[in-house]
Amino acid sequence: MTTTRSPAARSPAARDLAAFAALLADETRAAFCLALLDGRAWTAGELARHARVAPSTASEHLGRLVAGGLLAEERQGRHRYVRLADARAAHLVEDLAAYCAPDAGHPPRTLREAGARNAMARGRTCYDHLAGRLGTAITDAMTARGLLGQDTGFALTDGGLRWFRDLGVELVAKGRRPLARGCLDWTERRPHLAGVAGAALCRHALDTGWCVRVGTERAVKVTAAGERALGELLGIGPEALR
């Protein structure tokens, strides 16, 4: 005879996992987390307008996300800002999005929406590193040139470390964040470079004007100066960046 375990006898780990997963099992909370992948801190009002919900509704959902550890809260005077708690939270959201194939079954309703999707697929920020075709093109070029190894996970080679030094980009490890990490790209379905190195390269690309932000979401565009630099440094043709 088989017996059924009572809810009280279930694993605490299973209970905690189910509770954590429930944080994203709501379209409004999921929309907040996807918006925050731009790496900025948002106000509750900005997120409410983005998700098209009432401020009181947004506040309730944000409270749950902060209490669950996915978001962190900062206060400046009367203003309350929230952001993704850390890089691990950002990677979790992006990895889950990769499995869901966003918008795959929903054709764009307007030319503006189609343009926004194309811009995001071409190049965007994923929390603090580059993603989309731009991110994977850079990752592929670094791998082909022996700067990045992918045999047993992502790792910068000695040549890769010298490459960053020659760029004048300092790689400073913080906490448990790895120097290099693969992050599954939800539009390309292949990994792009994340971790300390990915964040440093993204920051350098924006600071030097290789890339500029476009639109109101996370999309970035490679400038003419960026095309020249990426061509000279990594041999990436301009057609791969447009």
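Computed from a predicted structure; not experimentally measured.
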Are [Y] and [X] linked, directly or through intermediate hydrophobic residues, by side-chain heavy-atom contacts shorter than 4.5 Å (ILVMFWY only)?
X    : Y    : result
M142 : V222 : yes
L206 : Y127 : no
L193 : L161 : yes
L230 : V214 : no
L62  : F20  : yes

Distance-only, no hydrogens or angles: does the [X] side chain make a donor-acceptor pair with backbone N or O of [Y] under 3.5 Å?
X    : Y    : answer
T143 : T139 : yes
D185 : R190 : no
T157 : L147 : yes
H129 : C126 : yes
R176 : P178 : no
T43  : Y81  : no
T125 : L130 : no

Separation between [atom1] of [X] and [atom2] of [Y], rounded to the nearest 0.5 Å:
X    : Y    : atom1 : atom2 : value
R218 : L36  : CZ    : CG    : 10.0 Å
R64  : T28  : CZ    : OG1   : 11.5 Å
F32  : L24  : CZ    : CG    : 12.5 Å
L71  : C33  : CG    : SG    : 5.0 Å
E188 : H192 : CD    : NE2   : 10.5 Å
L37  : E94  : CG    : CD    : 5.5 Å

Could you check whether any side-chain heavy atom of [X] comes within less than 4.5 Å of a side-chain heavy atom of [Y], counting everything from C-beta outward?
X    : Y    : result
I138 : L234 : yes
L23  : L65  : yes
L134 : C211 : yes
L201 : W163 : yes

Could you report the tightest heavy-atom contact between [X] and [Y], atom names first, then the distance?
X    : Y    : value
E227 : P238 : OE1-CB, 3.6 Å
V196 : A173 : CG2-CA, 4.0 Å
Q150 : F154 : OE1-CE1, 3.2 Å
V169 : A200 : CG1-CB, 3.6 Å
T223 : G209 : OG1-O, 2.6 Å
A22  : R29  : O-NH2, 3.0 Å

Practice problem: Decide whether T187 and R124 meet the rule of one side-chain donor and one side-chain acceptor closer than 3.5 Å. | Solution: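 A donor-acceptor contact under 3.5 Å links the two side chains.
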Quiz prompt | All pairs passing ring-ring contact (aromatic ring centres under 6.0 Å, His included) where residues 164-183 contributes a residue, at least two apart | solution =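 Applying ring-ring contact (aromatic ring centres under 6.0 Å, His included) to every pair that reaches into residues 164-183, excluding sequence neighbours, yields nothing.
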Thinking salt bridges, do [X] and [Y] make one under a 4.0 Å N-O criterion?
X    : Y    : answer
D86  : R88  : no
E74  : R80  : no
R145 : D140 : no

Quiz item: Could you go step by step and tell me if L171 and L179 meet the side chain to side chain contact (heavy atoms under 4.5 Å, CB included) rule?
Solution: CA-CA 8 Å; L171 301 179; L179 194 60; 3.9 Å; yes
Quiz item: Between W210 and H204, what is the ring plane arrangement, given parallel below 30°, perpendicular above 60°, and tilted in between?
Solution: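 The arrangement is perpendicular - the two ring planes meet at more than 60°.
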Quiz item: Any idea how W42 and H50 line up, ring-wise: parallel (<30°), tilted (30 to 60°), or perpendicular (>60°)?
Solution: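 Ring orientation, 0 to 90° scale: perpendicular.
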Quiz item: Are more than 12 heavy atoms from other residues, nucleotides or ligands located less than 6.0 Å from atom CG of D158?
Solution: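 Check fails, neighbour count at 12 or below.
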Practice problem: With salt bridge (Lys or Arg N to Asp or Glu O under 4.0 Å) as the test, would you mind laying out the steps for D95 and R181 before giving the verdict? | Solution: CA-CA 13 Å; D95 286 349; R181 175 188 183 278; 3.5 Å; yes
Practice problem: Carefully, step by step, assess L148 and L156 under the rule side chain to side chain contact (heavy atoms under 4.5 Å, CB included). | Solution: CA-CA 5 Å; L148 178 69; L156 290 178; 4.1 Å; yes
Quiz item: Is there a salt bridge (Lys or Arg N to Asp or Glu O under 4.0 Å) between D128 and R40 once you walk through the steps?
Solution: CA-CA 9 Å; D128 61 0; R40 298 185 300 123; over 6 Å; no
